[in-house]
Amino acid sequence: GNSVTQMEGPVTLSEEAFLTINCTYTATGYPSLFWYVQYPGEGLQLLLKATKADDKGSNKGFEATYRKETTSFHLEKGSVQVSDSAVYFCALSRGGSGNTGKLIFGQGTTLQVKP
Amino acid sequence: SAVISQKPSRDICQRGTSLTIQCQVDSQVTMMFWYRQQPGQSLTLIATANQGSEATYESGFVIDKFPISRPNLTFSTLTVSNMSPEDSSIYLCSDDYTDTQYFGPGTRLTVL
């Protein structure tokens, strides 16, 4: 079946450090891939997405590239800030006909950035 | 994106009671979803709320426990019935808008 695996957290970094959060997936065909972020006490916010192989999603300095050959969608940021401290979720969907359908989430990775 | 609001934002309930959570979207959307996030866990889909027909439930979730209504294209409710402490979770609704799901702020439920 379809599944998403994220690197285990928590990830603790100093401010301005480089961030990578690994995400790999298992799915047949060509899923759409997403990163969501959940700040403390809040709901989920879409961070970025990619809908086909080699697409790069980017937002707020975060980037992720859809790599079909390695079934990966790793999240990166060149210089993290304290305000980036949150839980990050990788997700895939297998919808069609103009909708995403069911989202399958990874287990989430907690990022803590220290001043 | 379609902006989503949920009510209540949080509640503390006694076991054996029921709570209805409302989800309002500011645009008409075809699909709406309900997810559960247990403490410290990821999100799990409860059901897809279909306008004009019964909701479609995922394995492990049943209508008697989580009845869902979808009277129109902008509104849905989820009821958590006969609650137990194991139902303490964050419940989130989402919509499907231009091939992307957007989430509401969630309802934080504590069952004593």
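Sequence lines set the chain letters: A, B, ... in the order given, protein chains first and strands last, and positions in each chain run from 1. Since the structure is predicted, the reported quantities are computational estimates derived from the model, not experimental observations.
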TODO: Counting only heavy atoms closer than 4.5 Å, note whether A:Gln45 contacts chain B via side chain, backbone, both or neither.
DONE: neither

- [ ] Can you tell which part of B:Gln6 gets under 4.5 Å to a heavy atom of chain A, answering side chain, backbone, both or neither?
- [x] neither

Task: Distance-only side-chain donor-acceptor flag, A:Ser32 / A:Thr51, under 3.5 Å - done: no

- [ ] Decide whether B:Glu86 and B:Ser84 meet the rule of one side-chain donor and one side-chain acceptor closer than 3.5 Å.
- [x] yes

- [ ] Would you mind checking which part of B:Leu45 comes under 4.5 Å of any heavy atom in chain A, side chain (CB onward), backbone (N, CA, C, O), both or neither?
- [x] side chain

- [ ] Heavy-atom distances under 4.5 Å only: say whether B:Arg108 touches chain A with side chain, backbone, both or neither.
- [x] side chain

- [ ] Let me know if A:Leu44 has heavy atoms under 4.5 Å from chain B in its side chain, its backbone, both or neither.
- [x] both

Open item on the list: Testing the basics here: between A:Leu92 and A:Ala27, what is the closest heavy-atom pair and its distance to 0.1 Å?
Closed with: CD2-CB, 4.2 Å

Open item on the list: Is there a side-chain contact between B:Asp11 and B:Thr107 in this structure, where contact means two heavy atoms from C-beta onward sitting under 4.5 Å apart?
Closed with: no

- [ ] Measure A:Phe105 against the heavy atoms of chain B and call it side chain, backbone, both or neither at under 4.5 Å.
- [x] both

- [ ] State, yes or no, whether a side-chain contact exists between A:Leu103 and A:Phe89 at a heavy-atom distance under 4.5 Å.
- [x] no

